[in-house]
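These notes concern the structure reproduced below.
Because the structure is predicted, anything quoted here is derived from the model rather than measured. Lettering follows sequence order; numbering is per chain, from 1.
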Protein chains: 2
Amino acid sequence: MEVREYKRDEWIIREGMRPDYLYYVIEGKAKIYVTYQNGKVSLINFINAHDYIGEMELLNEVYYTKGVQTSTKIICFAIPLHHYRTRLLEDTTFLRELTKFLSMKATKMAEKYSQSLSFPLENRLADFILQTADGEIYKEKHVTVCDFLGVSYRHFLHVLVQFCDKGYLLKEGRHYCIRQSDALHRLADVLKNESF
Amino acid sequence: MEVREYKRDEWIIREGMRPDYLYYVIEGKAKIYVTYQNGKVSLINFINAHDYIGEMELLNEVYYTKGVQTSTKIICFAIPLHHYRTRLLEDTTFLRELTKFLSMKATKMAEKYSQSLSFPLENRLADFILQTADGEIYKEKHVTVCDFLGVSYRHFLHVLVQFCDKGYLLKEGRHYCIRQSDALHRLADVLKNESF
DNA sequence: ACAATAATATGAGATATCTCATATTTTGGG
DNA sequence: CCCAAAATATGAGATATCTCATATTATTGT
């Protein structure tokens with residue numbers, strides 16, 4: 001097992017190229033992308049500390065590998081599959097851990113999926129802002145967010161400006177300051193199911 | 001371990017009620033639903049033979065249980081969790097099998113998610129029709145499909161009628177007959193990524 | 001066999017979202 | 001420090017999709 005380091009914006013895995021390693025992220029953030037035939041590129045998910053990368057390829061002989069690009073510096077473990085594949089697949093503790101990770105991943109995806117179909121951007125953006133804000137400050141890159149929420153830049157900005165007009169957010173140079181988190185919460189809560 | 005049978009339209013798991021069993025489907029089909037605060041109900045996924053039900057609750061202490069309703073008669077194994085939970089979580093063969101199942105589930109969800117955001121109903125419906133058609137005959141219930149694809153009945157029908165107008169489909173009483181599968185394939189192929 | 005309920009169907013107007021065109025500002029590399 | 005590329009901004013018109021209203025046909029329970 002090696003410890004590896006990737007710089008910001010480096011590709012850990014190229015789309016379509018089966019990786020030879022299983023990665024476990026110690027520190028940093030990354031993004032998973034897929035490209036469609038018409039050239040459209042879609043941001044599928046974020047990867048954070050304690051996530052696995054390449055677990056699909058460990059488990060499935062046939063699998064279309066998505067691209068993984070770092071968005072900060074990343075430090076991770078890299079376990080060579082050719083050597084440890086069999087051993088990993090016989091290790092109960094590892095399997096249990098991986099199963100938990102995958103079940104969370106599947107659940108979150110299912111949630112995002114049904115939310116994306118059921119609610120307009122207004123609600124999903126409110127949720128995203130609250131989830132990614134650092135205290136009162138929201139400062140994600142617009143382009144990345146559009147990708148992630150799967151909407152056009154134009155429409156995204158339209159809704160963001162509305163939030164400002166309504167006084168939910170205040171634009172401060174490069175950042176946005178959350179002014180009425182209660183209003184945002186009301187919008188975001190619509191996404192939640194009855195359990196909350 | 002028991003063998004259980006559920007009739008059509010029965011609820012195997014009620015939303016929000018933690019199940020006491022892990023199920024493995026031998027035969028039949030079911031649907032997973034979630035209800036939002038505003039009362040909107042969303043069909044998240046289909047369950048088919050060889051799928052697990054309740055695996056999330058086996059793995060995660062905290063998990064909001066989705067509702068599962070049969071759409072045909074279902075025959076399944078039911079494994080009582082209070083008795084076998086620990087043993088299951090130590091069984092390598094079972095864990096490996098479950099991990100594979102979950103990785104497929106996560107992948108499919110991710111695919112559906114990014115597709116739903118990236119393409120209009122026209123493409124997604126073409127894909128759905130081809131995937132669920134029995135030979136040349138498509139006969140899913142409109143209401144269920146709307147739910148699944150996350151669009152209004154009105155819009156769904158609008159697009160379906162277009163397919164008929166264009167001669168892709170021919171309405172025959174209750175069913176639809178696929179007349180130009182090539183045209184549908186062209187629409188559906190846009191969803192595929194470069195790997196295909 | 002009948003009534004109630006669910007599914008199918010259609011129209012019209014509103015809203016959400018996209019595409020394209022274009023301008024300004026910020027940022028990274030040499 | 002300068003340039004090219006990326007990110008941010010804004011307008012206008014097109015399209016996808018939703019909501020609501022209202023019929024007509026199946027299906028189901030009794």
Inset, instruction - Kindly state which residues belonging to residues 150-164 of chain B come within less than 4.0 angstrom of DNA chain D, counting heavy atoms of the residue only, listed by number. - result: B:Gly150, B:Val151, B:Ser152, B:Arg154, B:His155
Inset, instruction - May I have the distance from B:Leu117 (atom CG) to C:dC18 (atom P), rounded to whole angstrom? - result: 9 Å
Legend entry - Nearest-Å distance for atom pair CG/C1', residues B:Asp147 and C:dA7: 13 Å
Legend entry - Charged tip of B:Arg4 within 45° of B:Tyr21 ring normal and under 6.0 Å: yes
Donor-acceptor list for residues 99-106 of chain A side chains, cut-off 3.5 Å, not counting sequence neighbours:
unit_1: A:Thr99; atom_1: OG1; unit_2: A:Leu95; atom_2: O; d: 2.3
unit_1: A:Thr99; atom_1: OG1; unit_2: B:Thr99; atom_2: OG1; d: 3.4
unit_1: A:Ser103; atom_1: OG; unit_2: A:Lys100; atom_2: O; d: 2.9
unit_1: A:Ser103; atom_1: OG; unit_2: B:Asn60; atom_2: OD1; d: 3.0
unit_1: A:Lys105; atom_1: NZ; unit_2: A:Glu55; atom_2: OE2; d: 2.8

Inset, instruction - Could you list the residues that satisfy side-chain hydrogen bond (donor to acceptor under 3.5 Å, both in side chains) with B:Tyr138, not counting sequence neighbours? - result: none
Inset, instruction - Please work out whether the ring planes of A:Tyr23 and A:Tyr6 are parallel, tilted or perpendicular, with thresholds of 30° and 60°. - result: perpendicular
Inset, instruction - Take the protein atom CZ of B:Phe119 and the nucleotide atom C1' of C:dT17, then report the distance between them rounded to whole Å. - result: 16 Å
Inset, instruction - Show your reasoning for whether side chain to side chain contact (heavy atoms under 4.5 Å, CB included) applies to B:Val34 and A:Ser114. - result: CA-CA 9 Å; B:Val34 68; A:Ser114 80; 4.2 Å; yes
Legend entry - Interface residues of residues 121-136 of chain A with DNA chain C (non-hydrogen, below 4.0 angstrom): A:Leu121
Inset, instruction - Measure the distance from CG on B:Asp9 to C1' on C:dT5 and round it to the nearest whole Å. - result: 14 Å
Legend entry - Parallel, tilted or perpendicular: ring planes of B:Phe94 versus B:Tyr52, cut at 30 and 60 degrees: perpendicular
Inset, instruction - Give the nucleotide from the list D:dA16, D:dA7, C:dT8 with an atom nearest to the side chain of B:Lys141. - result: C:dT8
Legend entry - Qualifying side chain to side chain donor-acceptor pair (under 3.5 Å) pairs, either residue in residues 70-85 of chain A, two or more places apart: A:Glu61-A:Arg85
Legend entry - Partner set under side chain to side chain contact (heavy atoms under 4.5 Å, CB included) for A:Ala126, not counting sequence neighbours: A:Phe163, A:Leu184, A:Leu187, A:Ala188
